[in-house]
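Report on one structure; see the data block that follows.
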Amino acid sequence: METFFDVLQLLKKYGIFIYIGDRLAEFNLMEQEINELYQNKLITNEEYMRALLIIKKERRKYS
């Protein structure tokens, strides 16, 4: 996983589509969904850490 698009594809793989219209709120929701996937052991530790890092990087562009 290298890009924000990859994170969106990971979420899509589990039927998670996020569009609120407020970009910063979308990032928060994505982090929550990634946390849930990890807690339910659906993604690996590496996927979890990379996804959170990519989301945080993307959030900085909008802050």
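- Scanning all heavy atoms of the two residues, the minimum distance from I43 to I34 falls at CD1-O, 3.9 Å.
- Not a single salt bridge (charged side-chain N to carboxylate O under 4.0 Å, His left out) links E36 to another residue, sequence neighbours left out.
- In this structure, CD in E58 is found 11.0 Å from CG in L24, a value given to the nearest 0.5 Å.
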Exercise for the section: Verify side-chain contact (heavy atoms from CB on, under 4.5 Å) between I18 and L8, making sure each step is shown before the conclusion. Expected result: CA-CA 9 Å; I18 297 174; L8 294 175; over 6 Å; no
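- Side-chain atoms of F17 and L11, non-hydrogen and from C-beta on, never get closer than 4.5 Å to each other.
- L29 and L53 fall into different hydrophobic clusters, where Ile, Leu, Val, Met, Phe, Trp and Tyr are joined by side-chain heavy atoms under 4.5 Å apart, directly or via other members.
- Rounding to the nearest 0.5 angstrom, the gap separating the CE atom in M1 from the CE atom in M49 is 12.0 Å.
- When hydrophobic clusters are built by joining Ile, Leu, Val, Met, Phe, Trp and Tyr residues whose side-chain heavy atoms come closer than 4.5 Å, directly or via intermediates, F4 is grouped together with Y14.
- Atom CD of E46 has 12 or fewer neighbouring heavy atoms from other residues, nucleotides or ligands inside a 6.0 Å radius.
- Going from atom CE of M30 over to atom CG of N35 covers 13.5 Å, rounded to the nearest 0.5 Å.
- We find the CG-CD distance between L52 and E47 to be 11.5 Å, quoted to the nearest 0.5 Å.
- Between T3 and I54, every side-chain heavy-atom pair lies at or beyond the 4.5 Å cut-off.
- The aromatic rings of Y38 and Y48 sit parallel to each other, their planes meeting at less than 30°, with 60° as the upper class boundary.
- Linking ILVMFWY side-chain heavy atoms closer than 4.5 Å, directly or via other members, places V7 and Y62 in a single hydrophobic cluster.
- A cation-pi arrangement is absent between R59 and F27, since the terminal nitrogen or guanidinium carbon is not both under 6.0 Å from the aromatic centre and inside a 45° cone about the axis.
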